[in-house]
Amino acid sequence: MSGSLTAPLKSLSVQEEDFDVGAELKALTAGRTEVGAVCNFVGLVRDISGPDADHVSAMTLEHYPGMTEKQLSALIDKACERWPLSGCRIIHRYGRLLPGDQIVMVITTSRHREAAFESCHYLMDWLKTRAPFWKLEEDDQGQGNWVDAREEDDLARARWDKAAPSDKTQS
Amino acid sequence: MSGSLTAPLKSLSVQEEDFDVGAELKALTAGRTEVGAVCNFVGLVRDISGPDADHVSAMTLEHYPGMTEKQLSALIDKACERWPLSGCRIIHRYGRLLPGDQIVMVITTSRHREAAFESCHYLMDWLKTRAPFWKLEEDDQGQGNWVDAREEDDLARARWDKAAPSDKTQS
Amino acid sequence: MKILYFAWVRSTIGKGMDQLDGKPEGVQTVADLLDWLSGQGEGYSKALEKRDRIRVAINQDFAEPDATLNDGDEVALFPPVTGG
Amino acid sequence: MKILYFAWVRSTIGKGMDQLDGKPEGVQTVADLLDWLSGQGEGYSKALEKRDRIRVAINQDFAEPDATLNDGDEVALFPPVTGG
């Protein structure tokens with residue numbers, strides 16, 4: 001149920017290359033003067049990991065080509081049904097990344113800030129538990145360790161099962 | 001109560017000039033490889049306004065120099081006490097703006113996404129009700145109309161009076 | 001005491017600032033000051049007509065109607081804020 | 001039926017894919033398939049040892065253990081996802 005006069009711009013890229021957040025923000029808002037709010041999240045590779053704060057020298061992101069695109073496209077559609085968005089864009093990288101490198105970007109645009117904030121947060125929480133990516137971290141000895149899923153991520157996603165205040169649809 | 005090893009980067013600009021979000025994001029994350037999450041909000045001038053969707057051809061933002069800086073600096077300090085942030089930056093413009101122009105930007109960075117999302121949302125909700133700015137909208141006839149405050153903004157801010165799940169301090 | 005006006009409070013009163021020599025006589029609180037200002041002419045009485053539409057800051061912090069004023073205070077009167 | 005393996009499921013089994021000629025005999029559900037695969041050699045039995053650490057997709061959608069399989073399905077086995 002979109003409150004926008006024109007259809008929301010939906011866009012997804014699953015890629016090895018880095019991305020330019022500034023350029024992505026401009027592309028999603030150019031000429032859309034109904035947009036009053038832009039929310040953006042970027043996930044970066046951290047140099048430490050896990051409960052023991054082990055040092056990470058690199059990370060390789062494996063993914064399931066095809067399923068990734070299918071799951072993330074469905075997620076973008078869900079967000080656009082639940083909130084009145086003008087635009088929604090996800091970029092997720094795969095391959096070998098170094099600390100400080102960008103992994104993922106979500107941008108949502110809307111007339112008002114609540115829809116932009118909530119949908120961006122929703123997309124990140126869902127993406128964390130539904131997009132088929134797996135992180136292999138390398139320590140200083142070049143030893144690879146598969147990152148374990150975090151229970152907090154399941155809890156964070158489950159929060160959205162309740163209808164949001166701005167959710168107009170009835171289940 | 002910051003969970004960062006180094007003090008959070010805090011920064012505020014109240015200015016007439018436009019800003020470059022991409023450059024601001026880079027500046028706040030450069031060399032900070034403990035950062036895993038960046039949340040960013042940008043508010044833009046919309047071309048329609050109010051319940052009757054009146055067309056807006058321009059907007060002038062008046063502010064109270066001195067009080068603006070005092071209130072926004074205090075707000076940044078509060079956010080950095082409540083969430084373990086690595087960085088927090090606010091830019092707010094004043095003067096005459098056109099539809100599509102950027103008004104305000106908030107960036108928060110942290111190890112994890114919950115802190116980044118929540119603190120960014122908190123800052124925008126508080127800023128809306130505490131930063132001394134006033135919008136004068138011009139319609140197509142050049143007639144100026146002072147924008148009324150929205151009750152929703154007070155409600156959105158009041159939400160944060162309850163302790164957040166990640167809030168470690170006791171009142 | 002310095003009194004600043006912003007937005008439509010400023011445009012209705014017709015100026016951005018009044019510089020007073022300390023507090024006006026009989027004025028102790030923010031509410032007292034608003035009452036006193038209302039009697040200073042047409043612009044003032046009109047601007048302060050709907051008292052619930054006025055917000056006040058003392059020394060650049062928000063203040064309630066019962067807040068006490070001091071001689072050297074910077075006081076500001078303005079509508080509810082609409083930034084962001 | 002195509003079966004894909006990812007992350008440590010892939011490295012423990014030692015390959016990324018098995019191509020079968022339809023469903024193995026007696027296999028109707030996801031749980032049946034995991035039981036059957038466990039008997040296909042050391043890598044398989046080790047990878048599928050802790051069944052609660054395995055997630056399954058059928059035709060690129062998440063599937064529960066009781067989901068029914070069809071001959072031409074693309075099935076994938078992998079650990080809980082850790083993207084973002």
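Numbers restart at 1 for each chain; the letters A, B, ... are given by sequence-line order, proteins then strands.
- Within the model, atoms CG of B/N145 and CH2 of C/W8 stand 14.0 Å from one another, a figure rounded to the nearest 0.5 Å.
- Only the side chain of B/I103 comes within contact range of chain C, with at least one heavy atom under 4.5 Å from a heavy atom of that chain.
- Contact of B/R150 with chain C is not made at all, since no heavy-atom distance falls under 4.5 Å.
- Across C/V81 and B/R130, no two heavy atoms sit closer than the pair CG2-N, 3.9 Å.
- Looking at C/R10 and B/W134, their side chains never come closer than 4.5 Å, going by heavy atoms from C-beta outward.
- If you measure heavy-atom distances from B/K70 to chain C, the contacts under 4.5 Å come from the side chain alone.
- Residue B/D140 places its CG atom among more than 12 non-hydrogen atoms of other residues, nucleotides or ligands, all under 6.0 Å distant.
- For a residue to count as touching a neighbouring chain, one of its non-hydrogen atoms must lie under 4.5 Å from one of that chain's; by this rule C/R53 touches chain B with the side chain only.
- Side-chain contact check for B/M67 versus C/F78: some heavy-atom pair is nearer than 4.5 Å.
- Heavy atoms from other residues, nucleotides or ligands lying under 6.0 Å from CD of C/E42 number 12 at most.
- A donor-acceptor contact shorter than 3.5 Å is absent between the side chain of C/Q60 and the backbone of B/T68.
- Put simply, OH on B/Y64 and CG on C/L4 are 4.5 Å apart, with the number rounded to the nearest 0.5 Å.
- Interatomic distance, B/M59 CE to C/T82 OG1, rounded to the nearest 0.5 Å: 8.0 Å.
- Every residue meeting the side chain to side chain donor-acceptor pair (under 3.5 Å) condition with C/N59, not counting sequence neighbours, appears here in chain and number order: C/D73.
- For a residue to count as touching a neighbouring chain, one of its non-hydrogen atoms must lie under 4.5 Å from one of that chain's; by this rule B/D148 touches chain C with backbone and side chain alike.
- Summarising the geometry, atom CH2 belonging to B/W146 is positioned 10.5 Å from atom CZ belonging to C/F6; distances are rounded to the nearest 0.5 Å.
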